[in-house]
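This report concerns only the one structure given below.
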Amino acid sequence: MMILADIITLWNNSWPAGLTMFALAVAFSIILLVADKKLKVAVDPKIESIYQALPRIDCGTCGYAGCSSYAKAVAADPTLLGKCSPGGAGASQKIAEILNLKISSGGALKRPVIHCHSTKDNKTYFGNYAGIQSCTSANAIANVQACKFGCLGFGDCKAACKFNAIQMVNGLSTIDYNKCTGCGACVKACPRGIIEMVPFTQNKIMTVACRSQETGKDTKAFCKVGCIGCKLCTKQTDAFTVNNNLAKLDYARYEPSEQFKTAMEKCPTGVIVYRGKE
Amino acid sequence: MDKISVLVLAFTSIVIVNNLVLTKFLGICPYLGVSGRIDMAFGMGMAVTFVITLAGCLTWLIDHLILVPYGLEITRYVCYILVIAGAVQLVEMYLRKFFPPLYESFGIFLPLITTNCAILGLCLFLNVWNVDNFPLAAVLSFGAGIGFTLAICIMAGIREQLNFSDVPAALRGAPITLITAGIMTMAFMGFAGMIK
């Protein structure tokens, strides 16, 4: 009975407030509705349909504030076509149809690659970090982990990904390329700059999963799977180059061939790995 | 006569002495965000003035005609936000129709007037200051908008000049702007206490 009485009191006290709010809301809706009719601006139907063809996630990869501003820009200047990587070729195709253009197929799709493959057990720590659990905060401390270049593992990139394509596996962010749209949000989120957009000429591409520019001796001391700059891979194919104790692959020259496979197998720390769709 | 002088004093007070931006630090976001060019700053000032006047008058009326008599002060914040958001929508439609270039250049800052704390702040200040007649409320609301315009235009003027001056590399951009804002605030602090 007590509860019932309380509900009735609550109702008696709250309905005037609710009614006032409702009346005000109705009044404002009517005013705005009239204003909307009176002050209507004709939008180019082309821009509207381009906007509909875009993914409408406002990720900003195209360099514009959002999908609507990109739609406007593309309608005015068709050379801007193809800047929408989440939409990919499909969106570009649709926009080209709307604008009556013929497009030839462009370069390879860009997808992010994480240049670190050191899980929690492979890294060395000087102490326990107990601060704010985000990479950006942790990165402010110089000695948060021994390797100054490796993945911090708090998942800022995972939080930035709208498509749920990044998972933290044993303290290392791992991209699910089936879900990834290449919007590049993770690249911006990573405070250490480990994530790079790479043109995927193949479904599965080879990459050097390390960013460490320490000498081989230091890298070995800090991480079990870092690049030590031994140059063994460059002996197999000159698509690999070593600068600042770090190997780098020229992705444009990668193809699934025997040389690359040998380079991968010869790598003493196993830092050359495949990334991409299984 | 007495009434008029009160209104004039109130206007001067809210524009110069109790300027919302420079002494209460409200509305800093557009103050720093849209003060790159004078014409944009002035347009922003006008938009805010319109919204703040409309919001101040309407909220005062709603407060004194509906909320206080019926004891519904609990819905005050929601009502205020409703009024402000509605007014911003009106401004947005109006600008889009009649000043498209201005509309484009404002970008995100135009809808952000909705969350401009100077406006909600003014509506709540009218309450805190116990403003009990409508003309005073109207003058104070209008004056707050003019005060915002004044502050943002001075800032834009200084920043246009700063573009051509030899600023140390470390201070270029946001830092020097914040320092300028601080110095301007200190200058306006000189007026403090002249009018209560």
**Asked** Where is the tightest heavy-atom contact between A:Ala35 and B:Leu90, given as atom of each residue plus distance?
**Response** CB-CD2, 3.4 Å

**Message:** Report which part of B:Ile66 has an atom under 4.5 Å of a heavy atom belonging to chain A: side chain, backbone, both, or neither.
**Reply:** side chain

**Fill in**
When the 4.5 angstrom heavy-atom criterion is applied to B:Leu58 and chain A, the contacting part is side chain

**Prompt:** Taking non-hydrogen atoms and a cut-off under 4.5 angstrom, which of residues 121-135 of chain B neighbour chain A?
**Reply:**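 Residues in range: none.
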
**Prompt:** If you draw a 6.0 Å radius around CD1 in A:Ile31, do more than 12 non-hydrogen atoms from other residues or ligands fall strictly inside?
**Reply:**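 Result for CD1/A:Ile31: enclosed.
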
**Prompt:** Is it the case that more than 12 heavy atoms not belonging to A:Ile132 sit under 6.0 Å from its CD1 atom?
**Reply:**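 Count not over threshold, so no.
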
**Asked** Under the salt bridge (charged side-chain N to carboxylate O under 4.0 Å, His left out) test, which residues partner B:Arg37, sequence neighbours left out?
**Response**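 Checked B:Arg37 against salt bridge (charged side-chain N to carboxylate O under 4.0 Å, His left out); matches are B:Asp39.
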
**Fill in**
Among B:Cys79, B:Pro100, B:Ala85, the residue with the most heavy-atom pairs under 4.5 Å to chain A is B:Cys79

**Request:** Give the member of B:Leu67, B:Ile62, B:Leu82 that has the highest number of heavy-atom pairs under 4.5 Å with chain A.
**Result:** B:Leu82

**Verdict with supporting geometry, A:Met21 and B:Leu72, side-chain contact (heavy atoms from CB on, under 4.5 Å)** = CA-CA 10 Å; A:Met21 291 307 304; B:Leu72 296 170; over 6 Å; no

**Item:** Which residues share a side chain to side chain contact (heavy atoms under 4.5 Å, CB included) with B:Thr149, sequence neighbours left out
**Value:**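 Partners of B:Thr149 by the side chain to side chain contact (heavy atoms under 4.5 Å, CB included) criterion, ordered by chain and then number, come out as B:Phe42, B:Met46, B:Thr49, B:Cys153.
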
Short of 3.5 Å, which donor-acceptor contacts do chain B and chain A share? List atoms and distances.
{"residue": "B:Lys97", "atom": "NZ", "partner": "A:Lys40", "partner atom": "O", "Å": "3.3"}
{"residue": "B:Glu104", "atom": "OE2", "partner": "A:Lys72", "partner atom": "NZ", "Å": "3.1"}

